[in-house]
*Asks:* 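Can you keep this structure in mind? I'll have questions shortly.
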Amino acid sequence: TEETDPNKAAIETKPDKVVDSSGQIMHFYDALTYNAGFSADVSYKIIPRGANILEINSSNHLLYAPVAADIYMPLLEKRAACYNKLVKDHPDVNFYLFYIETDIDADFFNCSFPHNILNNYVSLLDPKIKHDKLLIQSVSDYQNLFFKTDHHWNAKGQFEGYKKAIQLIKGENEELIDISIVQIEGLKTNGSKSRIINDFTISDDFTFLWADLPSYSTCINGKEGVYGKKSDYLKGNYPKEDGFNHYGNCNGWDYGIVEYDFNQPEKDNMLMFIDSFGNSVLEFIAAHFNKTYVVDLRYYEKENGASFNFKEFITENDIHEVLFFGPYYFHTNELHLIGDLGG
């Protein structure tokens with residue numbers, strides 16, 4: 001059954017500032033032009049914070065240390081072999097790969113951004129797999145695209161990822177959704193890195209993406225439901241305690257499978273494999289397709305009672321577009337590896 005977009009709020013225009021009935025002040029920014037304010041790479045020092053966490057002293061951005069080649073290469077080789085076999089076994093399917101660079105892809109100690117993990121990965125892939133990436137090419141890139149205290153990308157990073165992923169699949173002429181970046185005045189978040197070092201003195205202004213989308217329906221692990229709580233945040237309904245995971249609560253938690261039906265039969269169906277980075281952009285990507293099936297293999301078998309069978313799934317759901325979407329953690333974690341290739 002089709003339902004009205006559960007995240008749609010009664011906002012007719014998108015001014016810079018909105019005050020709702022409860023007095024909550026919300027700022028809406030055009031995602032195409034939004035800049036977090038880090039425009040140049042200023043002088044900085046890297047401070048060890050313990051537990052494999054570093055800090056850029058000039059901006060208080062918390063970092064993970066880079067990963068060595070002897071660790072990531074065997075993981076990339078195994079993942080590339082999996083995807084290459086899928087390409088060979090399913091010549092009628094279009095495969096796409098999107099890689100999100102994060103702090104572990106860079107060397108902030110030496111202000112170096114060599115893209116080694118990405119370049120090695122791409123060199124292993126079958127040329128039939130179309131690919132694109134979100135690059136970190138400077139300190140300011142990282143500061144503009146990622147939360148200070150969390151490993152996830154902020155709303156600016158999310159929008160850039162959405163834009164690049166859609167253009168990868170649909171081409172540069174595909175019309176993008178009119179998306180806003182929302183910041184609720186006074187809403188701070190302390191992310192995963194803050195929790196690791198138990199330091200809540202550094203915080204982020206929490207931001208998320210919002211758009212008025214056509215009506216659609218969603219199912220979570222086969223049951224109708226609402227994914228994410230963006231509409232609740234616009235109404236001021238969210239937890240207020242320090243250290244709370246607003247990224248997961250607002251954008252949506254991790255599930256085995258989330259299905260979107262935008263009832264656009266003239267468009268293709270798509271299968272998308274993700275980790276938590278994808279949760280923040282799912283409805284926007286799905287709006288470009290008829291039905292979109294989003295799978296997180298870390299949870300699929302446990303929550304759905306059977307392992308994921310690629311061949312059966314794409315046949316039953318008439319899928320010819322498949323996207324692998326995520327950062328290093330997604331592309332190297334064996335829990336995201338497709339076990340039954342269905343060849």
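Start at 1 with the first residue, then count along the sequence. Only heavy atoms go into these numbers, but all of them, side chains included; no hydrogens, no water, no symmetry mates.
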*Asks:* Can Gln264 and Asn290 be counted as having a side-chain donor-acceptor contact under 3.5 angstrom?
*Replies:* no
*Asks:* Drop me the distance from Asp105's CG to Leu134's CG, to the nearest 0.5 angstrom.
*Replies:* 10.0 Å
*Asks:* Using modelled atom types only, decide if a donor and an acceptor are shared between the side chain of Lys156 and the backbone of Ala31 within a distance under 3.5 Å.
*Replies:* yes
*Asks:* Give every donor-acceptor pair under 3.5 Å between a side-chain atom in residues 61-82 and any protein atom, sequence neighbours left out.
*Replies:*
residue: His61; atom: ND1; partner: Ser59; partner atom: OG; Å: 3.1
residue: His61; atom: NE2; partner: Gln143; partner atom: O; Å: 3.4
residue: His61; atom: NE2; partner: Phe146; partner atom: O; Å: 3.3
residue: Tyr72; atom: OH; partner: Asn120; partner atom: ND2; Å: 3.3
residue: Lys78; atom: NZ; partner: Glu334; partner atom: OE1; Å: 3.3
residue: Lys78; atom: NZ; partner: Glu334; partner atom: OE2; Å: 3.3
residue: Arg79; atom: NH1; partner: Tyr83; partner atom: OH; Å: 3.3
residue: Arg79; atom: NH1; partner: Phe330; partner atom: O; Å: 2.8
residue: Arg79; atom: NH2; partner: Asn333; partner atom: O; Å: 2.5

*Asks:* Please confirm whether the backbone N or O of Asp268 pairs with a side-chain atom of Asp318, one donor and one acceptor, at under 3.5 Å?
*Replies:* no
*Asks:* Could you tell me whether the side chains of His151 and Thr102 share a donor-acceptor contact shorter than 3.5 Å?
*Replies:* no
*Asks:* CE/Met270 to OH/Tyr260 distance, rounded to the nearest 0.5 angstrom?
*Replies:* 10.5 Å
*Asks:* Using side-chain heavy atoms (C-beta onward) and a distance below 4.5 Å, is Phe325 in contact with Asp275?
*Replies:* no
*Asks:* Around atom NZ of Lys240, are there more than 12 heavy atoms of other residues, nucleotides or ligands at under 6.0 Å?
*Replies:* yes
*Asks:* Main chain of Gln24, side chain of Asp20: is a donor-acceptor contact present, judged purely on distance under 3.5 Å?
*Replies:* yes
*Asks:* Check the pair Asn154 / Thr207 against side chain to side chain donor-acceptor pair (under 3.5 Å), numbers first and verdict last.
*Replies:* CA-CA 6 Å; Asn154 61 25; Thr207 56; 5.3 Å; no
*Asks:* To check you understand the geometry: which heavy-atom pair defines the closest contact between Gly252 and Asn279, and what is its length?
*Replies:* O-ND2, 3.1 Å
*Asks:* Aromatic contact between Tyr293 and Phe313, with the criterion being ring centroids under 6.0 Å apart: yes or no?
*Replies:* yes
*Asks:* Any donor-acceptor pair under 3.5 Å linking the side chain of Glu174 with the backbone of Ile166?
*Replies:* no
*Asks:* Between Asn304 and Asn221, is there a side-chain donor-acceptor contact under 3.5 Å, judged purely by atom types and distance?
*Replies:* yes
*Asks:* Anything under 30° is parallel, anything over 60° is perpendicular, the rest tilted; go ahead and classify His152 against Phe277.
*Replies:* tilted
*Asks:* For a quick check under 3.5 Å, do Tyr96 and Glu321 share a side-chain donor-acceptor pair by atom type?
*Replies:* yes
*Asks:* Would you please indicate yes or no on a ring centroid separation below 6.0 angstrom for Tyr121 and His131?
*Replies:* no
*Asks:* Do any N or O atoms from the side chain of Asn190 and from the backbone of Thr149 form a donor-acceptor pair under 3.5 angstrom?
*Replies:* no
*Asks:* When you measure from the side chain of Tyr227 to the backbone N and O of Trp253, does any donor-acceptor pair fall under 3.5 Å?
*Replies:* yes
*Asks:* Within a radius of less than 6.0 Å around NZ of Lys291, do more than 12 heavy atoms belonging to other residues, nucleotides or ligands occur?
*Replies:* no
*Asks:* Quick check: do Asp254 and Ser276 have side-chain heavy atoms less than 4.5 Å from each other?
*Replies:* yes
*Asks:* Is a side-chain donor or acceptor of Thr218 paired with a backbone partner of Gly225 at a separation under 3.5 angstrom?
*Replies:* yes
*Asks:* For residues His90 and Phe95, determine if any side-chain heavy atom of one lies less than 4.5 Å from a side-chain heavy atom of the other.
*Replies:* yes
*Asks:* Rounded to the nearest 0.5 Å, what's the gap from CG on Asn251 to CG on Leu209? Could you check?
*Replies:* 7.5 Å
*Asks:* For residues Phe273 and His336, establish whether the separation of their ring centroids is below 6.0 Å.
*Replies:* no
*Asks:* Atom CD1 in Ile274, atom CZ in Phe98: separation rounded to 0.5 Å?
*Replies:* 13.5 Å
*Asks:* Checking Tyr233 side chain against Phe208 main chain: does a donor-acceptor pair fall under 3.5 Å?
*Replies:* no
*Asks:* Going by the ring-ring contact (aromatic ring centres under 6.0 Å, His included) test, name the single residue among Tyr162, Tyr216, Phe262 that passes it with His288.
*Replies:* Tyr162
*Asks:* Test side chain to side chain donor-acceptor pair (under 3.5 Å) on Asp132 and Tyr99; report intermediate values, then the result.
*Replies:* CA-CA 7 Å; Asp132 203 356; Tyr99 185 91; over 6 Å; no
*Asks:* Would you say the ring centroid of Phe113 lies under 6.0 angstrom from that of Tyr142?
*Replies:* no
*Asks:* Between the side chains of Asp204 and Thr189, does any donor sit under 3.5 Å from an acceptor?
*Replies:* no
*Asks:* Okay, side chain of Glu224, backbone of Cys219: is any donor-acceptor separation there less than 3.5 Å?
*Replies:* no
*Asks:* Between Lys164 and Glu160 (salt bridge meaning N to carboxylate O under 4.0 Å), is one present in this structure?
*Replies:* no
*Asks:* Side chains of Asn110 and Asp107 only: does a donor on one sit below 3.5 Å from an acceptor on the other?
*Replies:* yes
*Asks:* Grab the two heavy atoms, one from Asn269 and one from Asn317, that are nearest each other, plus how far apart they are.
*Replies:* ND2-O, 3.0 Å
*Asks:* In Å, rounded to the nearest 0.5 Å, how long is the span from CG of Asp178 to CG of Leu32?
*Replies:* 8.0 Å
*Asks:* Applying side chain to side chain donor-acceptor pair (under 3.5 Å), run through Tyr247 and Asp150 and close with a yes or a no.
*Replies:* CA-CA 9 Å; Tyr247 180 89; Asp150 197 66; over 6 Å; no
*Asks:* Can you see which heavy atom on Asp199 is nearest to which on Ile202, and at what distance?
*Replies:* OD1-N, 4.0 Å
*Asks:* On the 0 to 90° scale, with breaks at 30° and 60°, tag the Tyr29-Tyr34 ring pair as parallel, tilted or perpendicular.
*Replies:* tilted
*Asks:* Under 4.0 Å between a Lys/Arg side-chain N and an Asp/Glu carboxylate O for Lys193 and Asp103?
*Replies:* yes
*Asks:* May I ask you to establish whether Lys163 and Phe284 are in a cation-pi arrangement, using a distance under 6.0 Å from NZ or CZ to the six-membered ring centre and at most 45° from the ring axis?
*Replies:* no
*Asks:* When rounded to the nearest 0.5 angstrom, what is the spacing between CG in Asn245 and CZ in Phe206?
*Replies:* 8.5 Å
*Asks:* Check this for me: does any side-chain nitrogen of one of Lys188 and Asp205 sit under 4.0 Å from a carboxylate oxygen of the other?
*Replies:* yes
*Asks:* Looking at Asp296 and Arg298, does any basic side-chain N land under 4.0 Å from a carboxylate oxygen?
*Replies:* yes
